[in-house]
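A note on names: the letters A, B, ... follow the listed sequences, proteins ahead of strands, and every chain is numbered from 1.
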Number of protein chains: 2
Amino acid sequence: MTHKTHDTCQIKCINPERIARTLRGMDASSDLAGLADIFKMLGDVTRVRILKALFLEELCVCDIAAVLEMTQSAVSHQLRLLRGARLVKYRKEGKAVYYSLDDDHVKTLFDQGLEHVQQG
Amino acid sequence: MTHKTHDTCQIKCINPERIARTLRGMDASSDLAGLADIFKMLGDVTRVRILKALFLEELCVCDIAAVLEMTQSAVSHQLRLLRGARLVKYRKEGKAVYYSLDDDHVKTLFDQGLEHVQQG
DNA sequence: TTATTATATGAATAAATGCTCATATATTCA
DNA sequence: TGAATATATGAGCATTTATTCATATAATAA
């Protein structure tokens with residue numbers, strides 16, 4: 001992921017005008033790295049399954065673990081990432097922590113993604 | 001990524017009915033792994049930048065490399081993945097290979113993603 | 001208090017991933 | 001033909017990442 005590119009393309013390029021034009025368009029587009037991060041967050045089977053489960057029903061951590069047939073620890077680690085991305089919210093009830101979709105934010109993210117890739 | 005879960009959740013779970021209900025809903029939802037793969041493909045800055053550039057203009061490989069300030073090799077490797085996901089198409093012209101967005105397929109993917117995560 | 005239960009988290013590990021380097025495959029041109 | 005150009009690709013490497021294991025934190029119950 002983070003091999004920094006040090007040197008510029010050495011190849012004699014075919015069409016400098018096209019490159020310049022594209023570069024101007026690229027500058028205009030704001031945060032492509034942030035956009036990639038959004039997709040990266042959704043690009044994991046476990047996280048997608050968790051989101052799907054939470055779409056169906058509010059669940060505590062050990063319920064999610066049972067549904068996915070995974071350890072509590074693995075689920076908890078992924079929930080932390082989803083929390084960080086504000087894709088899920090939670091409430092405490094005694095010892096249990098109940099997670100649910102943060103619907104508005106999920107929708108916002110999708111709209112952003114759609115908008116970006118479809119028209120710039 | 002591929003640490004297979006061997007044993008089932010050992011914790012005494014809080015609500016078996018909720019788990020059963022959720023499991024029925026999960027079964028109904030088809031290909032969550034495929035859905036995650038779609039997002040994974042879009043979850044990389046280089047690939048997002050390539051798609052953005054190709055949204056703006058049809059470009060040959062060395063043009064893309066110049067725009068992104070990356071090596072031809074790095075770009076070519078990513079183009080291979082994008083080709084495999086049918087997010088881009090290409091045509092040959094002499095020595096050059098011109099890439100462009102496979103718009104219909106990009107749109108289809110987004111619609112699928114949206115549909116899946118938003119309602120099931 | 002102590003024991004139990006539910007969750008969170010740091011460290012370690014294995015697998016995946018993106019890039020570089022070298023090289024192979026076309027294609028064009030002299 | 002041989003040289004130059006454009007692209008593709010395999011191997012190797014470093015980084016990232018998802019999981020496991022052990023343990024910490026917090027809440028409840030005895």
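At the phosphate of D:dA18, neither OP1 nor OP2 sits under 4.0 Å from any side-chain N or O atom of A:T46. Proximity of A:Q78 to the phosphate of D:dT17: no side-chain N or O atom is located under 4.0 Å from OP1 or OP2. Contact between the side-chain N/O atoms of B:R47 and the OP1/OP2 oxygens of C:dG18 is found at a separation under 4.0 Å.
Within the 4.0 angstrom heavy-atom criterion, only backbone atoms of the sugar-phosphate kind lie near B:Y99; the bases stay farther away. Residue A:Y98 is classed as having no contact, given no heavy-atom separation below 4.0 Å to the nucleic acid.
Residue A:Y90 places its OH atom among 12 or fewer non-hydrogen atoms of other residues, nucleotides or ligands, all under 6.0 Å distant.
A side-chain contact (heavy atoms from CB on, under 4.5 Å) with B:V88 is found for one member of B:D102, B:L51, B:L81 and no other, namely B:L51.
Nearest to the side-chain atoms of B:A74 among the listed nucleotides C:dC19, C:dT9, D:dG10 stands C:dC19. Distance from the side chain of A:S76 is smallest to C:dA8 among C:dA11, C:dC19, C:dA8.
Put simply, CG on A:L81 is 15 Å from P on D:dT16, counting in whole angstrom units. Atom C1' of nucleotide C:dA26 and atom CZ of B:R91 are separated by 17 Å, given to the nearest angstrom. Rounded to whole Å, atom P of D:dA8 lies 5 Å from atom CZ of B:R83. D:dT16 atom P lies 17 Å from atom NZ of B:K40, rounded to whole Å. Between the P atom of D:dA6 and the CD1 atom of A:I19 lies a distance of 11 Å, rounded to the nearest Å. For the pair A:L59 CG and C:dA6 P, the computed distance is 15 Å after rounding to whole Å. The separation between B:L68 atom CG and C:dC19 atom P is 10 Å, rounded to whole Å. When the P atom of D:dT7 is taken as reference, atom CE of B:M70 falls 15 Å away, rounded to whole Å.
Every salt bridge (Lys or Arg N to Asp or Glu O under 4.0 Å) that A:R18 has, sequence neighbours left out, goes to B:D63. The salt bridge (Lys or Arg N to Asp or Glu O under 4.0 Å) test applied to B:E93 returns B:R91, not counting sequence neighbours. The side-chain hydrogen bond (donor to acceptor under 3.5 Å, both in side chains) search around B:Y99 returns B:R83, not counting sequence neighbours. Looking at residues two or more places apart in sequence or on another chain, you find a side-chain contact (heavy atoms from CB on, under 4.5 Å) between B:S73 and B:T71, B:H77.
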Exercise. Could you write nucleotides 22-30 of chain D as a row of B, S and -, 5' to 3', where a protein heavy atom under 4.0 Å of any base atom gives B, of only sugar-phosphate atoms gives S, and otherwise -?
Worked result: B----BS--
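Under 3.5 Å, the side chain of B:H77 and the base of C:dT20 form at least one donor-acceptor pair of N or O atoms.
Looking only at side-chain heavy atoms (C-beta outward), B:E58 and B:L101 stay at 4.5 Å or farther from each other.
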